[in-house]
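A short write-up of the structure that comes next.
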Amino acid sequence: MPTLARRLAAEAIGSFFLFAGVIGSGVMAEGLAQGNDALALLANTVATGAVLYVLIAMLGPISGAHFNPAVTLAFALRRELPPREAALYVAVQLGAGVLGAFAVHLMFDMEILQFSTKARAGIGQWTGEFVATFGLVLTILVLLRTRVEAIPAGVALYITAAYWFTSSTSFANPAITLVRSLSDSFAGIAPGDVPGFVLAQLAGGIAATALAGWLAGEREEAA
């Protein structure tokens with residue numbers, strides 16, 4: 001088991017590049033797509049899936065490559081991560097993610113501190129976030145039990161698909177939801193809409209955690 005310091009460093013690096021990848025590719029895509037939202041979303045999707053695969057393959061053996069409080073919560077609920085360490089994981093994910101957003105704004109000559117004006121609310125959006133996060137956490141926990149080597153590709157491909165089959169374009173991550181409220185760009189979300197997304201994401205993650213153990217046969221083996 002790597003030391004806590006190394007694990008937190010891995011979470012920080014991964015969160016920085018993942019959040020920068022999501023927001024930065026959104027900025028680039030919006031600028032190049034000339035008003036074609038479908039093309040912009042496709043570019044944003046491909047970049048996100050690609051960077052996810054690389055980061056999970058590289059940092060997964062060190063920290064587990066959570067980069068997501070919903071994933072960290074799942075491991076805490078399964079008692080595979082102590083509460084104190086889980087809290088530190090979440091703090092690092094948020095802090096490094098904010099720096100990632102600021103780095104994107106600096107790279108693209110945008111105002112460093114800003115707030116999104118893009119409204120994302122309503123039962124359809126919240127349902128999309130529940131479904132997106134449920135599927136993400138279930139993918140991770142079941143593959144961890146059945147085909148651990150497939151996790152980088154499985155998670156990257158799931159998020160790539162969920163961008164398109166969920167109404168919310170699959171944020172599926174409370175930390176990145178908060179950070180995206182700090183970027184008035186293609187990937188942004190209005191700060192006032194963040195709580196609804198986060199609640200839906202946490203509910204989806206908890207539901208997936210409850211199902212995953214049974215689905216992977218853990219309870220039968222324990223008995």
Side-chain angles (χ1 to χ4, degrees), residues 1-19 21-22 51-100 129-156 158-159 162 170-179 194 197-223:
M1 173 70 71
T3 64
L4 179 60
R6 288 174 59 201
R7 285 183 281 139
L8 292 177
E11 284 296 298
I13 293 168
S15 298
F16 177 92
F17 280 103
L18 174 59
F19 293 20
V22 171
V51 76
L52 255 178
Y53 179 88
V54 173
L55 293 173
I56 295 171
M58 175 174 63
L59 300 172
I62 301 174
S63 70
H66 296 189
F67 318 142
N68 185 337
V71 175
T72 299
L73 175 62
F75 281 92
L77 290 174
R78 289 163 59 90
R79 299 183 181 179
E80 295 175 13
L81 192 65
R84 174 179 172 274
E85 293 186 8
L88 290 172
Y89 266 48
V90 172
V92 164
Q93 291 158 4
L94 281 167
V98 169
L99 292 178
E129 280 306 291
F130 177 92
V131 170
T133 312
F134 178 90
L136 172 63
V137 173
L138 193 67
T139 296
I140 293 168
L141 295 181
V142 173
L143 284 179
L144 188 64
R145 182 67 175 171
T146 59
R147 289 192 61 197
V148 66
E149 74 283 358
I151 289 177
V155 171
Y158 173 80
I159 289 297
S170 186
F171 285 42
N173 182 329
I176 205 169
T177 301
L178 179 59
V179 171
V194 168
F197 266 51
V198 170
L199 289 174
Q201 291 157 359
L202 293 177
I206 291 169
T209 304
L211 176 64
W214 172 81
L215 194 62
E218 294 176 358
R219 295 174 187 173
E220 286 85 346
E221 292 184 8

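The analysis underlying the following values was restricted to heavy atoms, covering all of them including side chains, and did not include hydrogens, waters or symmetry mates. This is a predicted model, so every value here is computed, not measured. Numbering of residues begins at 1 and proceeds along the displayed sequence.
With hydrogens and angles ignored, the 3.5 Å screen pairs no side-chain donor or acceptor of Gln93 with any backbone N or O of Glu11.
Tyr89 is linked by a ring-ring contact (aromatic ring centres under 6.0 Å, His included) to His66, counting only residues two or more places apart in sequence or in another chain.
Of all non-hydrogen atoms in Leu178 and Leu94, the two that sit nearest each other are CD2-CD2, 3.6 Å. Across Arg7 and Ser63, no two heavy atoms sit closer than the pair O-CB, 3.3 Å. Closest approach of Leu8 and Val92 over heavy atoms only: O-CG1, 3.4 Å. Between Val137 and Ala70, the closest heavy-atom pair is CG2-O, 4.3 Å. Nearest heavy-atom pair, Leu77 versus Thr209, reported as atom, atom and distance to 0.1 Å: CB-CG2, 4.2 Å. Across all non-hydrogen atoms, the minimal contact from Ile62 to Pro2 is O-CG, 3.4 Å.
Between Leu4 and Arg84 there is a side-chain heavy-atom pair separated by less than 4.5 Å.
Separation of atoms CG (Asn68) and CZ (Phe19) is listed at 7.0 Å; rounding is to 0.5 Å. Distance CD1/Ile140 to CD1/Ile56: 6.5 Å, rounded to 0.5 Å. Here the CD1-CD distance, from Ile206 to Gln201, works out to 12.0 Å after rounding to the nearest 0.5 Å. Remark: Ile176 CD1 to Phe67 CZ distance equals 11.5 Å, nearest 0.5 Å. The OG1 atom of Thr139 lies 6.5 Å from the CG atom of Leu143; values are rounded to the nearest 0.5 Å. Distance check: Leu138 CG to Thr133 OG1 gives 12.0 Å after rounding to the nearest 0.5 Å.
For Tyr53, the OH atom is loosely surrounded, since the number of other residues' heavy atoms within 6.0 Å does not exceed 12. Heavy atoms of other residues, nucleotides or ligands lying less than 6.0 angstrom from CZ of Arg78 number more than 12.
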- So Leu141 and Glu80, side-chain contact (heavy atoms from CB on, under 4.5 Å) or not? Walk me through it. CA-CA 12 Å; Leu141 295 181; Glu80 295 175 13; 5.8 Å; no
- Item | Stepwise side-chain contact (heavy atoms from CB on, under 4.5 Å) test for Leu59 and Phe17 | CA-CA 12 Å; Leu59 300 172; Phe17 280 103; over 6 Å; no
